[in-house]
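All chains are named by letter (A, B, ...) in the order of the sequence lines, taking the proteins before the strands, and each is independently numbered beginning at 1. Just so we're clear, the structure is a prediction, and the values are computed from it rather than from any experiment.
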Amino acid sequence: MSKSPDHPEHDFPEARRWHDMGGDAAGPVPNDQHDFALWEKRVDALMILGSARGHFTVDGLRRCLEDMGEKAFEEMTYYERWVASVNQNFIEAGVYTLEELGAKMEEVKARGDTYGAAQNA
Amino acid sequence: MPHDHYDHHHLSPSGHPYREDNDAPLSYWQTMEIAIREIMIEKGEFTAAEVNAQIEAMDARNPTNGAKVVARAWDEPSFKAALLADGSKATREMGFDIGPMNLVAVENTEDTHNVIVCTLCSCYPRNLLGLPPDWYKTREYRSRTVKEPRKVLAEFGVDLPEATTCRVHDSTADMRYIVLPARPAGTEGWSQEQLAELVTRDSMIGTGLPKVPG
């Protein structure tokens with residue numbers, strides 16, 4: 001434990017996890033904005049429907065996001081991290097296996113080179 | 001969302017248009033999304049129609065929901081009191097269900113300005129504002145808003161007078177906040193529909209102010 005520079009009356013753990021960003025120094029807030037792509041909205045829907053089925057909670061979603069670490073936060077997009085977390089939760093809940101996922105991903109890839117072409121039309 | 005961003009010549013099997021950027025090379029994570037969705041449908045966990053319905057509900061949730069709540073609070077003192085007392089209940093009764101989470105409405109006054117953030121992730125009052133803007137999820141906004149809110153607000157064009165108290169509310173998975181902005185002067189006698197036109201998304205996050213009449 002160490003003393004907070006701003007509030008020396010409080011102890012705070014030095015081993016703050018990477019996602020606990022409040023108070024860190026950072027640059028100007030970027031104002032880029034993108035419209036959500038269909039695949040991103042579908043990831044969001046998978047999270048909501050998967051939770052509604054009782055396979056995981058928002059805490060399960062967050063645990064996997066936080067366990068991915070800072071590198072994933074810097075290098076992956078928001079919904080890329082979400083789909084990875086949703087997948088991890090489904091596998092942990094025993095909804096499907098890694099083998100089933102791998103086989104299905106191969107099947108999807110074989111359909112085409114774009115998101116549109118890879119749909120099971 | 002402007003529809004001219006879509007390529008109308010390519011419709012998905014569900015009848016939804018693909019965006020142009022869906023023609024970029026298929027990514028690993030997109031492949032995973034398709035695979036998970038298909039496995040779940042094959043296993044009977046949910047249907048394709050349920051996925052589509054969820055997306056339609058998501059698209060229907062946008063800041064006009066929050067604007068209706070704010071305009072009503074400006075117009076009806078009893079509703080404003082109910083909103084400040086129990087935000088979840090008051091908004092649920094308007095048809096904007098936040099589910100099991102708690103919603104806390106925080107009121108801007110002559111001497112206090114409120115702003116919301118989620119330092120840990122991206123918690124946001126989706127039932128009233130839809131999906132959070134990209135900047136809300138950035139390291140910069142999450143890190144700095146709790147430390148130097150006035151500087152962050154200045155970047156959004158909101159210059160708080162020195163004498164104004166600035167309160168920052170850090171959201172959690174279970175506790176969401178919405179800012180009730182101060183009603184602009186010169187709107188006496190306006191209808192709730194007219195008032196709602198003045199309420200911007202950012203004014204309900206606290207990084208903006210309502211539009212001024214005129």
- Task: Answer yes or no: is there an ion pair linking Arg16(A) with Asp24(A), defined by an N-O contact shorter than 4.0 Å?
- Result: yes
- Message: I want to check something: taking the side chain as every heavy atom from C-beta on, are Leu129(B) and Ile205(B) in contact at a cut-off of under 4.5 Å?
- Response: yes
- Whatever's closer than 4.5 Å to a heavy atom in chain B on Leu101(A) counts as both
- Item | Proximal component of Glu74(A), with respect to chain B [non-hydrogen, under 4.5 Å] | side chain
- Query: Where does Asp32(A) contact chain B at under 4.5 Å (heavy atoms): side chain, backbone, both or neither?
  - Reply: backbone
- Task: Would you please go through residues 87-94 of chain B and name the residues with a non-hydrogen atom below 4.5 Å from one of chain A, in numerical order?
- Result: none
- Query: Between Leu49(A), Asp59(A), Leu46(A), which shows the greatest number of heavy-atom pairs under 4.5 Å with chain B?
  - Reply: Leu49(A)
- Query: Quick one: what part of Val43(A) sits under 4.5 Å from any heavy atom of chain B, side chain, backbone, both or neither?
  - Reply: both
- With chain A, the option among Arg139(B), Met58(B), Gln54(B), Lys151(B) that has the most non-hydrogen atom pairs under 4.5 Å is Arg139(B)
- Query: Among Thr119(B), Thr145(B), Val146(B), Leu120(B), which residue forms the greatest number of heavy-atom pairs with chain A at distances under 4.5 Å?
  - Reply: Leu120(B)
- Taking non-hydrogen atoms and a cut-off under 4.5 angstrom, which of residues 82-93 of chain A neighbour chain B? Trp82(A), Val83(A), Ala84(A), Asn87(A), Phe90(A)
- Task: Give the intermediate values and the outcome of side-chain hydrogen bond (donor to acceptor under 3.5 Å, both in side chains) for residues Asp202(B) and Thr200(B).
- Result: CA-CA 5 Å; Asp202(B) 286 5; Thr200(B) 62; over 6 Å; no
- Taking the side chain as every heavy atom from C-beta outward, state whether Pro133(B) and Arg201(B) have any pair of such atoms under 4.5 Å apart. yes
- Message: Quick one about Thr64(B) and Asn62(B) (side-chain donor to acceptor, distance below 3.5 Å, no hydrogens or angles considered), yes or no?
- Response: yes
- Message: Whether Glu100(A) and Lys43(B) form a salt bridge (side-chain N of Lys/Arg under 4.0 Å from carboxylate O of Asp/Glu) is what I want to check.
- Response: yes
- Message: Please determine whether a side-chain nitrogen of the Lys or Arg among Glu107(A) and Lys104(A) lies less than 4.0 Å from a carboxylate oxygen of the Asp or Glu.
- Response: yes
- Sub-3.5 Å donor-acceptor pair from the side chain of His113(B) to the main-chain atoms of Gly206(B), do we have one? yes
- Salt bridge flag under 4.0 Å for residues Arg144(B) and Glu155(B): yes
- When you look at Cys118(B) and Tyr124(B), which way does the side-chain contact (heavy atoms from CB on, under 4.5 Å) test go after all the steps? CA-CA 7 Å; Cys118(B) 175; Tyr124(B) 189 71; over 6 Å; no
- Message: Do Phe36(A) and Asp44(A) have side chains that approach each other closer than 4.5 Å (heavy atoms only, starting at C-beta)?
- Response: no
- Query: Is it true that Glu50(B) and Arg42(A) have a side-chain N and a carboxylate O under 4.0 angstrom from each other?
  - Reply: no
- Task: Please look at Pro149(B) and chain A and tell me whether the side chain, the backbone, both or neither of the residue comes under 4.5 angstrom of a heavy atom of that chain.
- Result: neither
- Result for side-chain contact (heavy atoms from CB on, under 4.5 Å) between Phe73(A) and one of Glu66(A), His19(A), Met21(A) points to Met21(A)
- Message: Apply salt bridge (charged side-chain N to carboxylate O under 4.0 Å, His left out) to residues Arg37(B) and Glu33(B) and explain how you reach the verdict.
- Response: CA-CA 6 Å; Arg37(B) 176 161 43 89; Glu33(B) 179 276 311; 2.6 Å; yes
- Message: Heavy atom to heavy atom, less than 4.5 Å: which residues from residues 164-174 of chain B reach chain A?
- Response: Ala173(B)
- Which region of Arg62(A), side chain (C-beta onward) or backbone (N, CA, C, O), has a non-hydrogen atom less than 4.5 Å from a non-hydrogen atom of chain B, or is it both or neither? side chain
- For Tyr141(B), is it the side chain, the backbone, both, or neither that has a heavy atom closer than 4.5 Å to a heavy atom of chain A? both
- So, the part of Phe156(B) with a heavy atom under 4.5 Å from chain A: the answer is side chain
- Message: Is it the case that the side chain of Arg61(B) and the backbone of Gly130(B) share a donor-acceptor pair, with hydrogens and angles ignored and the cut-off at 3.5 Å?
- Response: no
- Item | Expected output: side-chain Trp39(A) to main-chain Ile34(B) donor-acceptor under 3.5 Å | no
- Partners passing side chain to side chain contact (heavy atoms under 4.5 Å, CB included) against Ser122(B) (at least two apart in sequence or in another chain): Tyr78(A), Lys137(B)
- Message: Is Met40(B) close to chain A through its backbone or its side chain, or both, or neither, when contacts mean heavy atoms under 4.5 Å?
- Response: side chain
- Query: For Asp67(A), does the CG atom have more than 12 heavy-atom neighbours from other residues, nucleotides or ligands under 6.0 Å away?
  - Reply: yes
- Item | NZ/NE/NH1/NH2 to OD/OE distance under 4.0 Å, Arg150(B) and Glu162(B) | no
- Heavy atoms only, distances under 4.5 angstrom: which of Ala25(A), Ala45(A), Ala52(A) has the most pairs with chain B? Name it, please. Ala45(A)
- Item | Engaged part of Val51(B) at the chain A interface, taking heavy atoms whose separation is under 4.5 Å | both
- Query: Are any non-hydrogen side-chain atoms of Val29(A) and Tyr136(B) less than 4.5 angstrom apart?
  - Reply: no
- Item | Largest heavy-atom contact set with chain B, pairs under 4.5 Å, which of Leu65(A), Asp20(A), Leu61(A) | Asp20(A)
